[in-house]
Amino acid sequence: MSKELDRVRDAWETLGTSDPYWAVLTEHEFHDGQAKTRFFDSGRAEIRTLLDVLDKHRRPYGDTAVDFGCGVGRLSFALAEHFKNVTGVDVARSMIEEARASNPFPDRVRFVHNDAATLPFDDDSVDLVISVITLQHIRPALSLRYLLEMARIVRPGGHLLFQIPSHIPAVRPIPPWHSKAELHVLEAPSSLQVGENSYVRVGVRNASDGEWPPGQLLNAGNHWRRNGLMAVQDDGRDSVRCPLGPGDHAEALIRIKAPAEPGSYELEVDVVQESVAWWADRGSQTVRVPVEVHAAAPAPAPADDVDGAQAPAPAAPATIGAMEMHGVRKDLVCALFEQIGCTVLEATPDERAGSDWASFFYAIEVGEYRADINHGI
Ligand SMILES: C[S@@+](CC[C@H](N)C(=O)[O-])C[C@H]1O[C@@H](n2cnc3c(N)ncnc32)[C@H](O)[C@@H]1O
């Protein structure tokens, strides 16, 4: 396995072990496996939206579907209502285990762990591959390999339905007179161990008289201060969902990491337009909460450690892997499929990657693509 796939797998393994339902949709209500009915209902709605595209083009579904990057099975289970055989594939064993444990359709749905750059299916063996909010976390070179793999495993006349971001449109600076936020800390830890990961939940209100437009890399972010001085300038970020009109509210959940030195800190939250400005520098009010950062607790000495030998270093606190975002230009995606004899039925703008990205949903009809033939790529 490549180093790149190692990294991707390890990041998702950590997320799948610590908070899998939240990691899939990154919405607060799904933390710790809460609101599962709504979680799986959202999968049904998503599959209905995807299959509507095949209906619109009057294409049959077939019997066999693959859900690439299936997570805990949100979409795989919904696919089982339309397909006789569904296989969910995921790079994280922890996600696959959770999906298997709650599989309501064991006779129709199976889950496969796969941490290779190839897909574990024969050529032309499935009717449909779907993939949403997955390729956006994979670097472009690897995403392109997976797209070719999807075309290989789908029979001629079958379909791929997937979403992948294209690029971040050029950022237009929000004018200083609209860079005014009112911030409230809704939830924050009062003490942490050095280097420990946690979250701070903040309410953000547009306190200006102008709209904050979408796609402008507007984030809530945090600093750490000690004795009033900046100790850590850049820590966590979460996007502020825009557009946000004057007086409108949004919530952000910032993943924070406690500083490396123990001490009494203030966790300070501000709004930042990336590559433009932190808004405190434009006169916007930040918000601060006190956080005690403790040295890591020493591990208890083993019972038979009677000779004064040094106790082993304490285990590092659990860390949550980062979710990277990547895009593949729409022109390149379309050209790739055309080059291998597939038909692009749709490449339509899509909002699944959030407001900062130009993202697209693709419906591809697979042609006579053979991985062992040089199609000029
Ligand atoms: C944000 S979740 C989305 C899950 C599912 N598609 C849904 O919408 O409910 C992304 C999933 O993709 C998986 N993933 C990331 N890279 C992958 C890869 N190279 N191969 C298979 N799965 C991958 C992650 O482990 C994670 O479960």
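We're numbering straight along the sequence, starting at 1. We count ligands from 1, going down the list as the structure has it; atoms in each ligand are counted the same way.
- At a 4.0 Å heavy-atom cut-off, ligand 1 touches Val8 through the side chain alone.
- Taking atom 18 (C) of ligand 1 as the reference point, the nearest protein heavy-atom neighbour is Val91 CB, 3.6 Å.
- At under 3.5 Å, a nitrogen or oxygen of Asp90, whether backbone or side chain, sits near a nitrogen or oxygen of ligand 1.
- Ligand 1 has a nitrogen or oxygen under 3.5 angstrom from a nitrogen or oxygen of Tyr146.
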Step-by-step salt bridge (Lys or Arg N to Asp or Glu O under 4.0 Å) determination, Lys257 to Asp235 = CA-CA 7 Å; Lys257 182 172 178 152; Asp235 185 22; over 6 Å; no

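- Taking every non-hydrogen atom of Thr134 and a distance limit under 4.0 Å, the qualifying atoms of ligand 1 come out as 3 (C), 6 (N), 10 (C), 11 (C), 12 (O), 14 (N).
- Shown in contact with Ile138 at under 4.0 Å from a heavy atom are these atoms of ligand 1, numbered in order with element: 16 (N), 17 (C), 18 (C), 19 (N).
- The distance from ligand 1 to the heavy atoms of Phe68 drops below 4.0 Å at these ligand atoms: 18 (C), 20 (N), 21 (C).
- By the 3.5 Å distance cut-off applied to N or O atoms, Arg74 is counted among the residues near ligand 1.
- Within ligand 1, the atoms closer than 4.0 Å to a non-hydrogen atom of Val132 are 6 (N), 8 (O), numbered from 1 in the order shown.
- Aromatic pair Tyr199/Trp22: centroids less than 6.0 angstrom apart.
- Between Phe162 and Phe337, the ring planes lie tilted relative to each other; the angle falls in the 30° to 60° range.
- Proximity of the aromatic rings of Phe111 and Phe77 is defined here by a centroid distance below 6.0 angstrom, and this criterion is met.
- Close contacts of ligand 1 with Met95, meaning ligand atoms under 4.0 Å from a residue heavy atom, involve 27 (O).
- Between Glu324 and Arg139 there is a salt bridge, since a side-chain N of the basic residue sits under 4.0 Å from a carboxylate O of the acidic one.
- Using a cut-off of 4.0 Å between Lys/Arg side-chain N and Asp/Glu carboxylate O, Glu274 and Arg237 are scored as salt-bridged.
- Proximity of the aromatic rings of Trp279 and Trp212 is defined here by a centroid distance below 6.0 angstrom, and this criterion is met.
- A salt bridge does not link Asp52 to Lys56: none of the charged nitrogens lies less than 4.0 Å from a carboxylate oxygen.
- Where the criterion is an N or O separation shorter than 3.5 Å, residue side chain and backbone included, Gly69 meets it with respect to ligand 1.
- Regarding atom 24 (C) of ligand 1, its nearest protein heavy-atom neighbour is Trp12 CD2, 3.3 Å.
- Atom 3 (C) of ligand 1 has its nearest heavy-atom neighbour, among Asp67, Leu135, Val112, Ile133, in Ile133.
- Between His137 and Trp12, the distance separating the two ring centers is shorter than 6.0 angstrom.
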